[in-house]
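So the structure is just underneath, and the comments pick up after that.
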Amino acid sequence: MGNCHTVGPNEALVVSGGCCGSDYKQYVFGGWAWAWWCISDTQRLSLEVMTILCRCENIETSEGVPLFVTGVAQVKIMTEKELLAVACEQFLGKNVQDIKNVVLQTLEGHLRSILGTLTVEQIYQDRDQFAKLVREVAAPDVGRMGIEILSFTIKDVYDKVDYLSSLGKTQTAVVQRDADIGVAEAERDAGIREAECKKEMLDVKFMADTKIADSKRAFELQKSAFSEEVNVKTAEAQLAYELQGAREQQKIRQEEIEIEVVQRKKQIAVEAQEILRTDKELIATVRRPAEAEAHRIQQIAEGEKVKQVLLAQAEAEKIRKIGEAEAAVIEAMGKAEAERMKLKAEAYQKYGDAAKMALVLEALPQIAAKIAAPLTKVDEIVVLSGDNSKVTSEVNRLLAELPASVHALTGVDLSKIPLIKNVTGAQV
C-alpha cells in the first residue's frame with residue numbers, strides 16, 4: 001500500500017525508489033504522485049523566487065579606483081525536467097538559505113571579475129549595461145545548477161576617495177554652464193519669439209477687428225433688409241387681416257340681412273294672415289252691420305239731402321243777392337278811393353317836393369315813436385357829465401344830425417326847409 005502526495009505550483013515533489021531496487025525518479029510540481037510505503041521516498045524542493053543581495057566592497061576597476069557596488073538578483077529553480085533533475089541533485093535536502101549562499105558566491109565572483117574590466121564612468125553612467133553584462137556572464141554557471149537568473153540590477157555604486165563626487169562636480173559645472181547658456185539663449189529666443197507672437201497677435205487682432213467691423217456692417221445691412229421685409233410682410237399681413245375681417249363682417253352682415261329678410265318675410269306672412277283674419281273679422285263684426293246701417297242712413301241722408309239742397313239753394317240765392325249788393329258798395333267805394341288817390345297824386349305832382357316833405361313830416365312822429373319804443377321800458381336815464389353845457393351840446397349835436405339821418409332813410413333833405421335849416425344852422 002502507499003499514499004497519494006499532492007504538491008502546489010510553487011513546490012516540486014521528488015518520488016524515488018520502488019520495487020525490485022528500481023532507480024526511477026518522478027518529478028512533480030503543481031500536481032500529485034503515488035508513493036509506496038517503505039520502498040518509496042518523497043522529498044520537496046521550493047520553486048519560489050529567491051532574492052539575493054550581492055555586495056562587492058573595495059573592488060578596483062580597470063583604472064584602479066576602489067568601488068563599493070551593491071546588486072540585487074532574482075533567481076529561481078527552473079522547472080524543465082532535465083534542469084529540475086540537476087537542481088534536485090545539487091540542492092535536494094538543503095534549505096532556501098543554503099541555496100541562496102551558493103548562488104550568492106557565484107554572482108559575487110562574476111561581479112568582481114567584471115568590475116575589474118570596466119572604468120568607473122562605464123559602471124556609474126550605464127548601470128543597465130553593467131547589470132546585463134553580469135547577468136550574461138553568470139547565467140551559464142548558475143544554469144548548470146538548474147537555477148535561472150530572472151533579473152539582476154545594480155542597486156548602489158559609491159567610493160570612499162570622492163572620485164564619483166569629483167566626476168559629479170565637473171559634470172555639474174558643465175551642466176550648469178550649459179544650463180546658463182541654454183537659459184540665456186532660451187530667454188533671447190523667447191524674447192524674439194514673444195515679439196513675433198505679439199506682432200502676429202496684433203496682426204490677427206487687426207484682421208479680426210476688420211472682419212468684425214465688416215461682419216457688423218453686413219449684419220446691420222442684413223438686419224435692416226430683414227426689418228424692412230418683416231415690416232412689409234407685417235403690413236401686408238395686417239392689411240390682409242383687415243380685408244379678411246371686412247369680408248367676414250360683410251358676410252356676417254349679409255347673413256344677418258338674409259336672416260332679417262327671412263324674418264321679415266315670415267312676419268309679413270304672419271301679418272298678412274293676421275290682416276286676412278282681421279278683415280274677415282271686421283267683415284263679420286263691422287262691415288255687414290255697417291252696410292246695413294249705412295243703407296239706413298243713406299235713405300235718411302237722401303231725404304235730408306233733398307231738404308238741404310232746397311235750403312242751400314235758397315240760402316245761396318240769398319247770399320248771391322247780398323254779395324251783389326256788397327259788390328256794388330265796394331265798387332263804389334273803390335271808385336271813390338281811386339278818385340281820391342288820383343286827385344292826391346295830381347296834387348303831389350303839382351306841389352312836387354313840398355308834398356313829399358309833408359308826407360315825411362307826417363310820418364316822422366310815427367318813426368320817432370317806433371324808435372323810442374324800447375326806451376319806454378327804462379325807468380330812469382342818468383347822463384353823467386362834469387359840464388352842464390356838454391349835455392346841451394350833445395342834444396344839439398343829435399338835432400343837427402337828424403336831417404342827415406332822415407335823408408339817408410327817406411331820401412328827403414330836411415335841411416332845405418327854412419325852419420329846420422335855421423335850427424341846424426344855429427347849432428352848427
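Worth knowing before you read on, the calculation uses all heavy atoms, side chains too, and leaves out hydrogens, waters and symmetry mates.
Salt-bridge formation is detected for the pair Glu274/Arg277: a Lys NZ or Arg NE/NH1/NH2 atom is positioned less than 4.0 Å from an Asp or Glu carboxylate oxygen. Under a 4.0 Å N-O distance rule, the pair Glu196/Arg193 qualifies as a salt bridge. Ion pairing between Lys198 and Glu194 holds under the 4.0 Å rule for side-chain N and carboxylate O. The pair Asp128-Lys132 does not meet the salt-bridge criterion, since no charged nitrogen lies less than 4.0 angstrom from a carboxylate oxygen. A salt bridge links Arg253 to Glu260: at least one charged side-chain nitrogen sits closer than 4.0 Å to a carboxylate oxygen.
In this model, no donor atom of one side chain and acceptor atom of the other lie less than 3.5 Å apart for Gln250 and Gln254. A donor atom on one side chain and an acceptor atom on the other are found under 3.5 Å apart for Glu248 and Gln244.
For the pair Val86/Glu82, no side-chain contact is recorded, criterion being any heavy-atom separation below 4.5 Å from C-beta on. Using a 4.5 Å cut-off on side-chain heavy atoms (C-beta onward), Lys223 and Phe226 make no contact. Using a 4.5 Å heavy-atom threshold, the side chains of Arg264 and Glu271 count as touching. At a threshold of 4.5 Å between non-hydrogen side-chain atoms, the residues Ile149 and Leu107 count as touching.
Scanning both residues, Arg112 and Cys56, for their nearest heavy atoms gives CG-SG, 3.8 Å.
The line from CD1 of Ile147 to NZ of Lys100 is 11.5 Å long, rounded to the nearest 0.5 Å. Within the model, atoms CZ of Phe152 and CG of Leu133 stand 10.0 Å from one another, a figure rounded to the nearest 0.5 Å. With rounding to the nearest 0.5 angstrom, the CG atom of Asn101 is 10.5 Å from the OG1 atom of Thr106. The CD1 atom of Ile99 sits 12.0 Å away from atom NZ of Lys76, with the distance rounded to the nearest 0.5 Å. In this structure, OG1 on Thr234 lies 9.0 Å from CD on Glu236, to the nearest 0.5 angstrom. Rounding to the nearest 0.5 Å places CD of Glu108 at 7.5 Å from CG of Leu111.
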Show, in sequence, the C-alpha distance, side-chain angles and deciding distance for Val142 and Met145, and conclude whether the side chain to side chain contact (heavy atoms under 4.5 Å, CB included) test is met.
CA-CA 5 Å; Val142 296; Met145 292 184 287; 3.9 Å; yes
Gln105 and Val102: CA distance, side-chain angles, deciding distance, side chain to side chain contact (heavy atoms under 4.5 Å, CB included) verdict
CA-CA 5 Å; Gln105 296 297 324; Val102 173; over 6 Å; no
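Asp156 pairs in a side chain to side chain contact (heavy atoms under 4.5 Å, CB included) with only one of the listed residues (Thr70, Val69, Val72), which is Thr70.
Surrounding CD of Glu228 are at most 12 heavy atoms belonging to other residues, nucleotides or ligands under 6.0 Å away.
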